[in-house]
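Just so you know, residue 1 is the first one in the sequence shown, and it goes up from there. Note that these values count all heavy atoms, side chains included, but never hydrogens, waters or copies made by symmetry.
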Amino acid sequence: MTRALVFDSGVGGLTIADEIRRAAPGWTVDYAADSGFFPYGVKTDEELRARLPGLCAALVGIAKPDVLVIACNTASTLSLADIRARVSVPVVGTVPAIKPAAEQTKTGVIGILATPGTVRRAYLDDLERQYAKGRRVIRRGTAGLVDIAERAVRGQPIDQEQVAYAVKPLFDPPDGPNIDVVVLACTHFPLIRDAIQQACPPGVK
């Protein structure tokens, strides 16, 4: 039986773990969250590079998975190569879905909601160059949505005003009003997808 270890800084990676269970019901899926260093999106690159490879190697040693899934855009866009160099099992990352967004947009303007760490990554620049040629990509980094998602999983009510405060700057002029597709580039964000959708203008996917 195949065993997957899904890793994230908090509960966001549970969305990835659920997808793995649906796609491969025969697999055993373990989950590890680095809650002591949460959230990753506001940490410096140096802090994350110093922590992630060693931590992932230790987790692999304990859980002994057949595959390690880094269910975090921030970690994946920064440290995939370093993590792969430290572990002996395949490592699968999670990166912003720019390619499908570029294929779906009708206006040619794509929005990306991510953590502050992810929006500044060179990895994201590379994804845009590779998959979004001829498209306008607008990024919005917010740590607030991560906190809202963590609280929602714990059963606390979602404050729609806080969600709107985090989301609406993405749609500011000059090009923001033309966004018709938004990439949720953090695994926490699908946990509050409905609230994010409500904060977006009508017709935005």
### Query
Is D18 close to R21 at the side-chain level, that is, under 4.5 Å between some pair of heavy atoms?
yes
### Summary
Residues at least two apart in sequence or cross-chain that pass side chain to side chain donor-acceptor pair (under 3.5 Å) with S88, listed by chain then number, are none
### Task
Any pair with a residue in residues 134-144 that passes side chain to side chain donor-acceptor pair (under 3.5 Å), sequence neighbours left out, goes on the list, sorted by first then second residue, please.
D125-R139, E128-R139, R136-D175
### Query
Can you name the residues that form a salt bridge (charged side-chain N to carboxylate O under 4.0 Å, His left out) with R49, not counting sequence neighbours?
none
### Query
Quick one: salt bridge (charged side-chain N to carboxylate O under 4.0 Å, His left out) partners of D194, sequence neighbours excluded?
none
### Message
With rounding to the nearest 0.5 angstrom, report the CG to CZ distance, D126 to R121.
### Response
13.0 Å
### Summary
The reported gap from CG in N178 to OG1 in T105 (rounded to nearest 0.5 angstrom) is 9.5 Å
## Note on the structure
Grouping ILVMFWY residues whenever side-chain heavy atoms fall under 4.5 Å, the cluster of V181 otherwise contains none
### Query
Below 4.5 Å, heavy atoms only, C-beta onward: do F7 and V91 meet side chain to side chain?
no
## Note on the structure
With sequence neighbours left out, the residues meeting salt bridge (charged side-chain N to carboxylate O under 4.0 Å, His left out) with R86 are none
### Query
By side chain to side chain donor-acceptor pair (under 3.5 Å), which residues pair with E150, not counting sequence neighbours?
R154, H188
### Query
Who else is in Y31's hydrophobic cluster (ILVMFWY, side-chain heavy atoms under 4.5 Å, direct or via others)?
V6, V11, L14, I16, I20, W27, V29, V67, V69, V92, V153, L191
Residues 161-170, side-chain donor-acceptor partners within the protein, below 3.5 Å, at least two apart:
| from | atom 1 | to | atom 2 | distance (Å) |
| --- | --- | --- | --- | --- |
| Q162 | OE1 | R151 | NH2 | 3.1 |

## Note on the structure
Residues at least two apart in sequence or cross-chain that pass salt bridge (charged side-chain N to carboxylate O under 4.0 Å, His left out) with D180, listed by chain then number, are none
### Task
Can you sort out the partners of R120 under side chain to side chain donor-acceptor pair (under 3.5 Å), two or more places apart, ordered by chain and number?
D45
### Query
Applying side chain to side chain donor-acceptor pair (under 3.5 Å), which residue pairs with at least one partner in residues 51-65 are found, sequence neighbours left out?
D34-R51
